[in-house]
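Here the structure comes first, spelled out in structure tokens, and everything after it is commentary.
Chain letters run A, B, ... following the sequence lines, proteins first and then strands; every chain starts at 1.
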Amino acid sequence: MSLKLYNTLTRKIEEFTPLQQGKVGMYSCGPTVYSHPHIGNFRSFLVADLLKRFLEFKGLKVTHIMNITDVGHLVDDADEGADKLEEAAKKQKKDPLEIAKFYTESFLEASKLLNIKSPDKYPKATEHIKEMIDMIKILVDKGYAYVVGNNVYYDVTKFANYGQLSGNTLDDLNAGARIEVNQEKKNPQDFALWKHDTKHLQQWDSPWGKGFPGWHIECSAMSSKYLGAEFDIHTGGEDNIFPHHECEIAQSEAASGKKFVHYWLHTHFLLFDGEKMSKSKGNLYTIQELLDKGFKKNAIRYSLISSHYRQNYNFTFDGLKAAEQAIDKIQQCVLLLTDLRGNKKEGKIREQLQKLASNCLTEFENALSDDLNISKALAVCFDFIREVNKASDMNSAEAAVMLDTINKIDSVLGVLETIDKEVPDNIKELAEKRKTAKLGKYWKIADDVRAEIMALGWTIEDTPDGGCRFKRREET
RNA sequence: GGCGGCGUAGCCAAGCGGCCUAAGGCGUUGGUUUGCAAAACCAAUAUCCGUGGGUUCGAAUCCCACCGCCGCCUCCA
């Protein structure tokens, strides 16, 4: 089944056709590294990860780029004031790059915990100033941008399609203007490509004097450098639609004369307990804070990807607990299958089971092909698991097929732990002790030993064949 | 003010005109299994999809009105 995606640009669900057969170029707006990223940021990054993994599941070769913004966007409006990185730098009395480095590491660490596949490149804004300047020069040469003193602005009236992505018209924007008009600009909506400000800590030389780049140009410059002027997919949070992505389109298409991005995907905001997350409400949790509360990292991942990306998902602690249980259910099935596969029970793969597995994968793919219908995909997964649990008479070849199916599903979901087979000797000894007690029907002793094993952080479960299975109650 | 979305069981959440006497997960209750557990399996947990109208042979799904909630509109993923 072909992939269908909702394209913000056309406001329609469209069939996805890559520019080059079998290959996909994908750009995701990454973090601005001035603070620890929170779960809301990560929902957007996880949606990009889910999409990328699914494209790969379908056999496409994905080139994925995610920028790291280490030169700040401006705090107030696009024209005045300090930028966020600079503010953090001043507050902490540190160099902006030091701040950026610190939070970049925090971001990368959390990404790793959430099992986000590393993009092919994480380009940094400060390492692409030259590319940005080159693009600004082109825009000035072509007449889309104008220079006023040491500043360069983009003239939005020169770009006919300005507003196409967000649905804003210049008239609407004029009417709703909430900020004071900068006298230098020809039109209130014109945005800065290059700014001069002697107070700014980060400054670079340019044809227009010392200054720093505007806050949209980096994505235009870096995406074209790594993916070409025209590419397939661009992802980001819903708030990026305007002005950021609108301005990106204006810059990129004006500079190259080509269509910029074919499919725009925007993840809606996460709510926490039904409310918008914000600093003032104190509900902007970071990954580390949730781990500190005892939640598991894959439960966080599961929770954040388990609802549709174009829906405001309501994130709750209860939801996180439910996610832990759901993952356990899959994990438990993997344990069962691993045992069955190792049982050396010979036999052919029964047609009925072969079909169960292949149907599961087909339906899973169909579900996600429908604009990433993850709820449906998870339902397929759990239906499959129920059937597998019922077929406990499987031979090892059959178990291997089922295991393979779950692993393929998890190549997209990315929530399973690799099963740690290393059971410590002391746990094994206790298990032996319990077994002996059980054989002698000394139930009290057997139960005490089980409690002891529990206290050591392991769970012991008896299997029907008289053996037992260990599970470590994982720390996060 | 402009634009957009949502309201489905105790909770989360699919379904978007007939296969719905409404998926799936979590939770709860009962049962099977077990020495007891755990896990698993079975069954029950919405006769109905915010409210009121309408269209239709047929609506959770389309239209209208109303109520409630939420998001975006140059800080934000």
Side-chain angles (χ1 to χ4, degrees), chain A residues 11 28-32 34-35 37-48 72-79 81 83-84 87 166-169 171-173 175-179 188-189 191 215-216 235-244 246-247 266-271 274-279 284 302-303 306-308 310-316 318-333 335-336 367 373-383 385-386 388-390 392 438 441-444 446-447 450 454 459-464 468-469 471:
Chain A
R11 269 156 254 218
S28 298
C29 274
T32 301
Y34 68 104
S35 69
H38 53 76
I39 50 175
N41 302 105
F42 275 108
R43 162 132 117 138
S44 166
F45 305 147
L46 279 164
V47 165
H73 293 170
L74 295 163
V75 153
D76 282 332
D77 50 66
D79 309 316
D83 73 40
K84 292 182 291 192
E87 268 208 341
S166 60
N168 288 328
T169 63
D171 284 347
D172 285 347
L173 289 169
R178 306 198 301 209
I179 54 169
Q189 297 79 25
F191 54 91
W215 61 314
H216 308 299
T235 75
E238 59 174 325
D239 59 312
N240 283 152
I241 296 172
F242 190 85
H244 188 51
E246 192 75 69
C247 295
H266 292 100
T267 305
H268 284 226
F269 274 133
L270 205 61
L271 304 177
E275 284 193 313
K276 183 178 172 167
M277 300 194 303
S278 69
K279 272 187 189 143
L284 273 182
Y302 183 101
S303 197
S306 66
S307 77
H308 194 79
R310 282 193 291 118
Q311 209 69 54
N312 286 118
Y313 177 63
N314 186 16
F315 189 91
T316 61
D318 283 347
L320 223 35
K321 280 182 212 134
E324 280 179 15
Q325 286 309 115
I327 295 169
D328 264 358
K329 190 170 202 149
I330 309 174
Q331 201 86 60
Q332 190 71 28
C333 184
L335 285 172
L336 172 75
N373 188 338
I374 186 74
S375 300
K376 181 79 198 299
L378 288 171
V380 169
C381 174
F382 285 108
D383 283 340
I385 281 169
R386 190 183 317 107
V388 168
N389 281 332
K390 277 196 259 186
S392 53
K438 277 180 67 180
K441 296 189 197 273
Y442 298 116
W443 308 125
K444 175 76 172 73
D447 290 350
R450 182 166 61 195
M454 278 283 257
T459 302
I460 185 164
E461 294 178 356
D462 297 335
T463 52
C468 64
R469 181 152 66 209
K471 285 201 289 191

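Here the shortest heavy-atom pairing between A:Arg43 and A:Tyr313 reads NH2-N, 3.3 Å.
Among the protein residues, A:Gln311 comes within range of the sugar-phosphate backbone only, with heavy atoms under 4.0 Å from sugar or phosphate atoms but none that close to a base. Across all strands, A:Glu238 comes closer than 4.0 Å only to sugar-phosphate atoms, never to a base (heavy-atom distances). Within 4.0 Å (heavy atoms only), A:Ile241 reaches no atom of the nucleic acid at all. Contacts of A:Gly40 with the nucleic acid, taken as non-hydrogen atoms under 4.0 Å apart, include base atoms. Within the 4.0 angstrom heavy-atom criterion, only backbone atoms of the sugar-phosphate kind lie near A:His308; the bases stay farther away. Residue contacts shown for A:Ala379 include a base, since a base heavy atom lies under 4.0 Å away.
With a 3.5 Å ceiling on both atom-pair distances, B:A13 lacks any Watson-Crick or G-U wobble partner. The base-pairing partner of B:G4, taking Watson-Crick or G-U wobble contacts with both distances under 3.5 Å, is B:C70. Pairing of B:C76, defined by two Watson-Crick or G-U wobble distances under 3.5 Å, is not identified with any nucleotide. For B:U33, there is no paired nucleotide, since no Watson-Crick or G-U wobble pair has both relevant distances below 3.5 Å. When both distances must be under 3.5 Å, the Watson-Crick or G-U wobble mate of B:U47 does not exist. With both pairing distances under 3.5 Å, B:A23 is matched to nothing as a Watson-Crick or G-U wobble pair. Pairing for B:A59 is absent, judged as Watson-Crick or G-U wobble with the two contacts each under 3.5 Å. Under the Watson-Crick or G-U wobble criterion, with both distances below 3.5 Å, B:A39 has no partner in any strand shown.
Taking the six-membered ring where the residue is Trp, A:His216 and A:His244 present tilted rings, their angle falling between 30° and 60°.
B:G17 and B:U29 have their P atoms separated by 39 Å, given to the nearest Å. To the nearest whole angstrom, the two C1' atoms, one in B:C16 and one in B:C49, are 12 Å apart. Nucleotides B:A65 and B:G2, compared at atom P, are 15 Å apart to the nearest Å. If you take atom P in B:C42 and the same atom in B:A77, they sit 45 Å apart, rounded to whole Å.
Few gaps surround NZ on A:Lys471; more than 12 heavy atoms of other groups in view lie less than 6.0 Å from it.
Across the interface with RNA chain B, nearest-nucleotide mapping of A:Thr267 and A:Phe382 shows A:Phe382 to be the residue nearer the 5′ end. Residue-to-nucleotide proximity on RNA chain B shows that, of A:Asn314 and A:Lys438, the 5′-proximal contact is made by A:Asn314.
A:Lys390 has a side-chain polar atom (N or O) that falls below the 4.0 Å cut-off from OP1 or OP2 of B:C42. Between B:G27 and A:Gln325, a contact under 4.0 Å exists linking OP1 or OP2 to a side-chain N or O. Using a 4.0 Å cut-off, some side-chain N or O of A:Asn41 falls inside it from OP1 or OP2 of B:A77. Not one side-chain nitrogen or oxygen of A:Lys376 sits closer than 4.0 Å to the OP1 or OP2 atom of B:A13. Side-chain N/O atoms of A:Asn312 include none lying less than 4.0 angstrom from OP1 or OP2 on B:C6. Distances shorter than 4.0 Å separate some side-chain N or O of A:Lys329 from OP1 or OP2 on B:G25.
One atom, OH of A:Tyr302, and another, P of B:G24, lie 13 Å apart when rounded to the nearest Å. To the nearest angstrom, P of B:U34 lies 15 Å from CZ of A:Arg450. Look at NZ on A:Lys321: it is 16 Å from C1' on B:G25, rounded to the nearest Å. Atom NE2 of A:His38 is separated from atom P of B:C75 by 15 Å (rounded to the nearest Å). Atom P of nucleotide B:A40 and atom CD1 of A:Ile385 are separated by 10 Å, given to the nearest angstrom. In this structure, A:Tyr34 places its OH atom 11 Å from P of B:C75, rounding to the nearest Å. Look at NE2 on A:His216: it is 14 Å from P on B:A77, rounded to the nearest Å. Remark: P of B:C11 and CG of A:Leu320 are 19 Å apart, rounded to the nearest angstrom.
Under the 4.5 Å side-chain criterion, counting only non-hydrogen atoms from C-beta, A:Asn389 is not in contact with A:Lys329. With a 4.5 Å cut-off on side-chain heavy atoms, A:Ile330 and A:Ile385 count as touching. Taking 4.5 Å as the limit, some side-chain heavy atom of A:Arg469 sits within range of a side-chain heavy atom of A:Gln332. The shortest side-chain heavy-atom distance between A:Leu270 and A:Ile39 falls under the 4.5 Å cut-off. Between A:Phe45 and A:Ser28, every side-chain heavy-atom pair lies at or beyond the 4.5 Å cut-off. In this structure, A:Tyr302 and A:Leu378 have side chains that are in contact, with non-hydrogen atoms separated by less than 4.5 Å.
Not a single donor-acceptor contact under 3.5 angstrom links the side-chain atoms of A:Asp318 to the base of B:G27. Between the base of B:C36 and the side chain of A:Asp462 there is a donor-acceptor pair shorter than 3.5 Å. Looking at A:Arg386, its side chain has no donor and acceptor atom pair within 3.5 Å of the base of B:C41. With hydrogens and angles ignored, no donor-acceptor pair closer than 3.5 Å exists between the side chain of A:Arg469 and the base of B:A38.
Comparing B:G25, B:A77, B:A13 against the side chain of A:Ser375 picks out B:A13 as the nearest. Nearest nucleotide to the A:Trp215 side chain, out of B:A23, B:A13, B:C76: B:C76. Between B:C12, B:G24, B:A14, one nucleotide has an atom nearer to the side chain of A:Tyr313 than all others, and that is B:C12. Side-chain proximity of A:Phe269 to B:A39, B:G35, B:G71: nearest is B:G71. The side chain of A:Asn389 approaches B:C41 more closely than any other nucleotide in the set B:C41, B:C70, B:A13.
Residue ring and base: A:Trp443 counts as stacked with B:G35 (centre distance below 5.5 Å, interplanar angle below 30°).
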